[in-house]
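All values reported here derive from a predicted model rather than from experimental measurement.
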Amino acid sequence: MKFFDTHAHIGLVYDNPVEQLKVIIQAKQAGVQRIVSINNSLHDFEKVYKNIKAIPGIYHAVGVAPSEVTNPGADWINTIEKNLELPNVVAVGETGLDYYKNFGDKRSQIELFITQLEIAQKHNLPVIIHNRDAGNDLYDILSEHIPDAGAILHCYSENAEYAKKCLDKNIWFSFAGNLTYRNARNLHETVLNIPVERILIETESPFMIPAEFRERKRTMPAYLPSTAKFLSEMLDMDLEALSEQLWTNSCKAFNIPE
């Protein structure tokens with residue numbers, strides 16, 4: 001079986017390039033053959049991209065997360081666009097809205113988000129979206145600005161009704177290790193009420209440790225099969241068949257060959 005981790009902060013798991021390589025090797029040994037590397041800032045993107053750009057099966061997203069809204073970087077728009085031309089960069093992100101923490105003000109976050117949606121549209125790329133306590137504004141913005149290449153609601157946190165409302169848009173729903181938590185009823189209900197053809201999985205490394213590994217300090221891409229197994233049991237679907245479907249979904253979401 002092969003798995004595709006659609007969202008992993010390799011640079012936050014370890015800062016050392018040697019350790020980053022070990023993390024990727026361990027993932028591949030566990031069947032995780034592809035990973036989309038995510039960074040919150042342009043500075044971190046450039047550092048991590050340099051470390052792991054030559055490794056087969058590693059793809060990249062570039063963008064500015066809402067946590068960086070007060071300091072996105074000098075000439076950040078042109079910097080994103082320049083980096084989008086690099087090999088294996090397949091998405092804009094992560095970007096989005098976060099009203100849980102005090103990252104600047106809402107207007108600034110919204111402007112940062114919309115600008116990156118426009119960049120994604122210009123470059124015909126999907127956008128990877130962070131959403132925390134901002135579902136209503138995020139939905140309204142996507143209703144007007146979602147790029148033609150689609151959007152991925154990463155580490156999905158809303159309920160089933162919200163997901164069903166999004167089904168008429170080119171939106172993918174990506175679930176992390178918290179799907180395996182007993183009290184994540186909103187996520188369980190969601191996966192049972194949306195087409196499996198719209199589901200992705202991720203580790204959100206080093207966060208969202210699957211229940212099976214809760215004693216560990218951080219999540220690794222190698223833990224992704226644990227989330228897939230839990231999902232297969234929820235859907236009453238053979239794990240190998242599910243892994244193939246998730247692989248197809250992921251490649252389609254990022255417009256890369258299977």
Side-chain angles (χ1 to χ4, degrees), residues 1-8 26-36 38 57 59 91 126 128-132 135 139 142 150-216 218-258:
M1 284 182 286
K2 57 186 179 182
F3 299 94
F4 193 137
D5 185 351
T6 62
H7 196 108
Q26 289 169 357
K28 293 197 174 189
Q29 290 171 341
V32 183
Q33 298 300 314
R34 289 180 176 176
I35 301 170
V36 177
I38 307 291
Y59 297 88
I128 298 172
I129 296 176
H130 172 106
N131 168 31
R132 195 165 187 192
Y139 179 84
L142 286 179
I152 296 155
L153 297 181
H154 109 82
C155 197
Y156 187 79
S157 60
E158 298 286 345
N159 59 24
E161 291 305 313
Y162 188 95
K164 287 190 281 188
K165 191 169 66 169
C166 293
L167 285 175
D168 65 342
K169 299 175 175 57
N170 187 10
I171 287 178
W172 303 85
F173 307 89
S174 184
F175 296 90
N178 57 333
L179 177 70
T180 68
Y181 303 167
R182 290 183 180 179
N183 63 352
R185 295 183 183 88
N186 63 317
L187 304 184
H188 302 162
E189 183 181 1
T190 299
V191 300
L192 294 173
N193 281 278
I194 60 175
V196 67
E197 292 83 5
R198 300 285 284 276
I199 293 175
L200 310 175
I201 58 172
E202 62 177 90
T203 56
E204 171 69 324
S205 301
F207 313 108
M208 299 296 175
I209 303 175
E212 180 181 355
F213 300 101
R214 286 295 290 271
E215 77 282 1
R216 309 288 174 87
R218 56 174 70 89
T219 308
M220 305 286 192
Y223 299 169
L224 188 69
S226 179
T227 301
K229 184 175 183 294
F230 184 91
L231 180 60
S232 74
E233 292 169 355
M234 281 200 66
L235 296 175
D236 193 23
M237 187 173 179
D238 175 75
L239 179 58
E240 186 167 357
L242 177 63
S243 72
E244 291 176 1
Q245 181 66 62
L246 293 172
W247 182 272
T248 296
N249 295 352
S250 303
C251 294
K252 188 175 179 181
F254 292 105
N255 192 29
I256 58 178
E258 288 195 44

Ignoring hydrogens and geometry, is there a side-chain-to-backbone donor-acceptor pair from Q33 to F4 under 3.5 Å?
no
With I38, the side-chain contact (heavy atoms from CB on, under 4.5 Å) member among E204, E202, H7
H7
One pair to check against side chain to side chain contact (heavy atoms under 4.5 Å, CB included): R34 and S250. What are the steps and the verdict?
CA-CA 10 Å; R34 289 180 176 176; S250 303; over 6 Å; no
Between the CE atom in M208 and the OG atom in S157, the distance rounded to the nearest 0.5 Å is 8.0 Å
Are F230 and P210 packed together at the side-chain level, in the sense that at least one heavy-atom pair is separated by less than 4.5 angstrom?
no
Look at the side chain of T219 and the backbone N and O of S205, then say whether any donor-acceptor pair between them is shorter than 3.5 Å.
no
Do the ring planes of H154 and H130 sit parallel (below 30°), tilted (30 to 60°) or perpendicular (above 60°)?
tilted
So do L192 and L235 actually touch side chain to side chain, heavy atoms under 4.5 Å?
yes
Could you pull out the closest heavy-atom pair between N131 and G135, with the gap in Å?
OD1-N, 3.3 Å
Examine distances only and state if a side-chain atom of T180 and a backbone atom of A211 form a donor-acceptor pair shorter than 3.5 Å.
yes
Might you confirm whether atom CG of N193 has over 12 heavy atoms from other residues, nucleotides or ligands at distances under 6.0 Å?
yes
Hey, what's the ring geometry for Y156 with F173, parallel, tilted or perpendicular (30° and 60° as the breaks)?
perpendicular
Hey, are the side chains of Y181 and R214 touching, using non-hydrogen atoms and a 4.5 Å cut-off?
yes
Is there a side-chain contact between W172 and K252, using heavy atoms and a 4.5 Å cut-off?
yes
State, yes or no, whether a side-chain contact exists between I194 and I199 at a heavy-atom distance under 4.5 Å.
yes
Flag side-chain contact, heavy atom, 4.5 Å: C166 against Y162
yes
Is the number of heavy atoms from other residues, nucleotides or ligands under 6.0 Å of K229 NZ greater than 12?
no
Would the number of heavy atoms belonging to other residues, nucleotides or ligands and lying under 6.0 Å from CG of D236 be above 12?
no
State, with a plain yes or no, whether a side-chain heavy atom of R216 is found less than 4.5 Å away from one of Y223.
yes
F175/H188 under ring-ring contact (aromatic ring centres under 6.0 Å, His included): CA gap, chis, key distance, verdict
CA-CA 10 Å; F175 296 90; H188 302 162; 9.6 Å; no
Donor-acceptor contact present, side-chain N249 to main-chain V196, <3.5 Å:
yes
Give a yes or no on whether a salt bridge exists between E161 and K165, defined as a side-chain N under 4.0 angstrom from a carboxylate O.
no
Quick check: do T203 and M220 have side-chain heavy atoms less than 4.5 Å from each other?
no
State the OG1-CD1 distance between T6 and I152, to the nearest 0.5 angstrom.
6.5 Å
